[in-house]
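Below is the structure I would like to discuss, written out as structure tokens.
The sequence lines fix the lettering, A, B, ..., with proteins before strands; numbering per chain opens at 1.
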Amino acid sequence: MRLTIKDLTQTFGTTRVLDKLSIETGMVNSLVLVGPSGGGKSTLLRILAGLDIPTRGTVTFDETVLQRDEANLRLYRRTIGTVFQSYNLFPHLSARENLILPLVHVHGFSRDDAIARVEEPLRRFQLHEHADKRPAELSGGQNQRIAILRAMVVRPKRLFLDEPTSALDPEMTAEVLDMIEGLKDSGTDFVLVTHAMNFARRVADEVAFIGDGKVLSHGPSKTVFENSKNSRVTSFFEQVLR
Amino acid sequence: MTKVKTRIPIVRKKGLLAAFGFITETAKRPATGLLLYISSRTLYAISMSRSFAHLIVATAVTCLLVLACFQVPGDWNWSGVWEYRQKFISGWLVTLGLSLAALVLSVAIGLVVALFLGARNPLIEATGRIYVEIIRGTPLLVQLLLGFYVIANAVGIENRFVVGTLVLAAFSGAYMAEIFRGGLNAIPKTQRDSARAIGLTQWQSFRLVILPQAVRLVLPAIAGQLVSLIKDSSLLSVIAISEFTLNAREVNSFTYSTLESYVPLAIGYLMLTLPLSATARWLESSFSYER
């Protein structure tokens, strides 16, 4: 994917969360957004995922410009997948039903076809024996993996992941990160917001450091992590990578 | 306590002691001891079970009420009331029919008005709000009279059963609306986000994600409101519908047996409300999805 953002501004009331943010990536498989909390990473990701409409500015994926009306955004959201920090699975449905729901109600699968389609991914990620449990009966890591699967089974063009491991303890973080790394190997494009810096470094084709609603540093991960000229960026990494 | 025991006549004391001795002796044998232990544990478990507790308390309350009835001066005249049993039955059936119709209708009204209350369009929101406030702020009695003699008259509905059911449903629906609104608002915003993210339309998101979760939350309150609705149906007598309460009142005026007329009334209403509560509890447990 190639992502181009021009002068993206998002204000909530009087707070300006994104301030004329612009970026132009190369042809990448994965883009990782890092930076301090409150810097605008998640706000940016929500706009990219078509969940929020920005106050001003344009977002272009490859040649497609993101529309600003709900009807078109809904069509756009059907072509992508989104994973949230707090999984946001549907608590009244079993894991399997969570996976089937978008297939049946959004993508026109029959129930039987949908069940058949989720079978293999459930087995591959060792979630099969838990498929009939509801989210409250699963661990955080299992829930997040189901959430990633829910986004994946519709075969999206690309995936947006908003701090997918921030709500997990270290042990479960590993199983989720492994799964995301698997995405990269399978060639699925994704944009990831994360605080797991070492992981960001490993999977990112390009890294964008977001702070104060702007892109403070951007480029291949080695450039951003080691050779950034921005003092805000270098001091942030000194803090978190210590 | 020991002093009391010594006053027991010797023969009986011997019998008691013998029985006690027998029990303690046999209890010492492992097999019997085990059996005694298991049966006592079982009895304890049964006594701690919820349905058994309900049975015990219900029986106790009934016994107390029956005892209190025996204290009422004068004779009971059940035979006089028995003559009019058909009136009780027909009234009960009318109440059952009215309540069932109003029940279904009021849930539908409640849902629609709840959506009005949560609407972004201020005109729709105001319509819902004013409806709820007017209905909740005025007596059902007045609504029935106005509904039948003014509104129904104006639009040309003459069937008092239809009008009664509609007014009752509209009345209960206003309360339902507030209950539903509370339930819908209690579903976290992240659920709507999640529904939008997978590409559901607003209506799909409501139907497949929000509503099923809200229903579980509001079930107890809705059940309470439906029980109220059944009892409120007694007011339909003011527009001359021969429902259960009106018929019981008539039996009273024919027989002059007040208590004998009204006790069956209470039992008849319980026969409607208890199954409703039981169903609600069953639904609640089958809808629950938390550990």
So for atom CG, which belongs to Leu141(B), do other residues, nucleotides or ligands contribute more than 12 heavy atoms lying within a distance under 6.0 Å? yes
Contacts of residues 28-66 of chain A with chain B (heavy atom under 4.5 Å): Arg46(A), Gly50(A), Leu51(A)
Residues of residues 104-116 of chain B contacting chain A, heavy-atom criterion under 4.5 Å, by residue number: none
I need the Arg192(B) CZ to Asn88(A) CG distance, nearest 0.5 Å. 12.5 Å
When only heavy atoms count and the cut-off is under 4.5 Å, which of residues 194-205 of chain B reach chain A? Ser194(B), Ala195(B), Arg196(B), Ala197(B), Ile198(B), Gly199(B), Leu200(B), Thr201(B), Gln204(B)
So for Leu89(A), is it side chain, backbone, both, or neither that comes closer than 4.5 Å to the heavy atoms of chain B? backbone
Most heavy-atom pairs under 4.5 Å with chain B, out of Ala147(A), Gly81(A), Pro102(A), Ser86(A), belong to Pro102(A)
Between Phe90(A) and chain B, which part of the residue has a heavy atom less than 4.5 Å away: side chain, backbone, both or neither? both
N/O donor-acceptor pair under 3.5 Å between His92(A) side chain and Ala214(B) backbone: no
Measuring from atom CD of Gln85(A) to atom OG1 of Thr190(B), what distance do you get when rounded to the nearest 0.5 angstrom? 11.0 Å
Only heavy atoms, only distances under 4.5 angstrom. Which residues in residues 166-187 of chain A are near chain B? none
